[in-house]
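Chain identifiers are assigned alphabetically (A, B, ...) following the order of the sequence lines, protein sequences preceding nucleic acid strands; residue numbering begins at 1 within each chain.
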There are 2 protein chains.
Amino acid sequence: MSATAHDVPVVKVLPEPEDLPEPLPEPAVGELRLETVLGALSDPLRLTIVRKLLLESEAFDHSCGWFGLDRPKSSLTHHFKALREAGVTRQRQYGLERRSHVRVADLDARFPGLLELVAAWTPKTP
Amino acid sequence: MSATAHDVPVVKVLPEPEDLPEPLPEPAVGELRLETVLGALSDPLRLTIVRKLLLESEAFDHSCGWFGLDRPKSSLTHHFKALREAGVTRQRQYGLERRSHVRVADLDARFPGLLELVAAWTPKTP
DNA sequence: TCGCTTGTACGAGTTTCATCGTACTGCGTG
DNA sequence: CACGCAGTACGATGAAACTCGTACAAGCGA
């Protein structure tokens, strides 16, 4: 193709799509169901996860441990899987870690306004 | 601004609050919780109810039977109660009937955009 | 290669929820 | 006042979901 021998890569701002590991199994955009997504978001812990991803993750995926959640690992696996299978997050395997990010574009396309509600959410005080 | 003393009220679009029976017990606006509301809306039958109220109820409350749902009465009671206790609907007793409407103003104030998602929802086809 | 780390799989215990039959209440009408 | 109707309350059943311990797989570094 157009790539020649003297083409030198300079800086890579973001990893190329081909460089990323394949996402774990997830529903396609057209398969997203409102009732399923709402069900996944009806749990305080999962709201916490998604909100933290929305507000504090600057274009990076984050592994399970980054959230600092005080729960056993098997519980966290359960909730991250629930979010991914509902289509809220995407997960990729980076060596040891499995990192997550919110499918912002997909969710905004299918359910505009929903993520703003999650970002504005605050946990119950008492 | 331009309103002066000789402005005469023309039509009463909505009935006065004093004419209505007291609403059944429900959470106040400030007590609405996103996780609870999303949980109430994560059920296809309840989404059907709320959507139908949003799209087809022209400023009127509607009784249980109006929806034409093919379920036993005790099931319907369960779901209408779930919606009311989550703060999605308001119910008033009119003689024999208990009529419901969506708390549009309250929900729009606390969770802007949420009801638009419900209105745009369509049940699963298969 | 031997650990250490990250996370999964599986399974049990508990809880919560949906469904719905039956019996009941409360209102309105004849 | 007796009947009928809208809807509730209660309870049983079964399915789903949350929580979490334990055991296991896979990557990475010394």
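In this structure, A:Arg90 pairs ionically with A:Asp106, as a charged nitrogen and a carboxylate oxygen lie closer than 4.0 Å.
The CZ-P distance, from B:Arg99 to C:dC27, rounds to 15 Å in whole Å. For A:Lys81 and C:dA9, the NZ to C1' distance is 8 Å, given to the nearest whole Å. What separates CG of B:Leu24 from P of D:dG7 is a distance of 12 Å, to the nearest Å. Look at CD on B:Glu97: it is 12 Å from P on D:dT8, rounded to the nearest Å. Here the C1' atom of nucleotide C:dA9 and the CZ atom of A:Phe80 are 18 Å apart, to the nearest Å. Rounded to whole angstrom, the span from the CD atom of B:Glu35 across to the P atom of C:dT16 amounts to 16 Å. Computed from coordinates, the B:Leu76 CG to C:dG21 C1' distance equals 14 Å when rounded to whole Å. In this structure, A:Trp66 places its CH2 atom 13 Å from P of C:dG7, rounding to the nearest Å.
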### Chi angles and distances behind the side chain to side chain donor-acceptor pair (under 3.5 Å) call for B:Ser42, A:Glu35
CA-CA 4 Å; B:Ser42 68; A:Glu35 59 269 36; over 6 Å; no
### side chain to side chain contact (heavy atoms under 4.5 Å, CB included) between B:Phe67 and B:Leu53, worked out
CA-CA 9 Å; B:Phe67 295 87; B:Leu53 278 175; 3.7 Å; yes
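Side-chain atoms of B:Gln93 and B:Arg98, non-hydrogen and from C-beta on, do get closer than 4.5 Å to each other. Using a 4.5 Å heavy-atom threshold, the side chains of B:Arg103 and B:Val88 count as separate.
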### Query
Going 5' to 3' along nucleotides 23-30 of chain D, which nucleotides have protein heavy atoms under 4.0 Å from the base (write B), which only from the sugar-phosphate (write S), and which from neither (write -)?
---BBS--
Produce the list of close N/O pairs, under 3.5 Å, pairing protein atoms with atoms of nucleotides 17-20 of chain C; give distances to one decimal.
unit_1: C:dA18; atom_1: OP1; unit_2: B:Arg46; atom_2: NH1; d: 3.2
unit_1: C:dA18; atom_1: OP1; unit_2: B:Arg46; atom_2: NH2; d: 2.7
unit_1: C:dA18; atom_1: OP2; unit_2: B:His78; atom_2: NE2; d: 2.9
unit_1: C:dT19; atom_1: OP1; unit_2: B:Arg71; atom_2: NH1; d: 3.4
unit_1: C:dT19; atom_1: OP2; unit_2: B:His79; atom_2: NE2; d: 2.5

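Distance check: A:Thr122 OG1 to B:Leu34 CG gives 9.5 Å after rounding to the nearest 0.5 Å.
A:Leu96 and A:Leu76 end up in different hydrophobic clusters when Ile, Leu, Val, Met, Phe, Trp and Tyr side chains are linked at under 4.5 Å. With hydrophobic clusters built from ILVMFWY side chains whose heavy atoms lie under 4.5 angstrom apart, A:Leu32 does not share a cluster with A:Leu24.
The only option from A:Val118, A:Leu117, A:Leu38, A:Asp43 that meets the side chain to side chain contact (heavy atoms under 4.5 Å, CB included) definition with B:Leu38 turns out to be A:Leu38.
Checking the phosphate oxygens (OP1, OP2) of D:dA6, no side-chain nitrogen or oxygen of B:Ser63 falls inside 4.0 Å.
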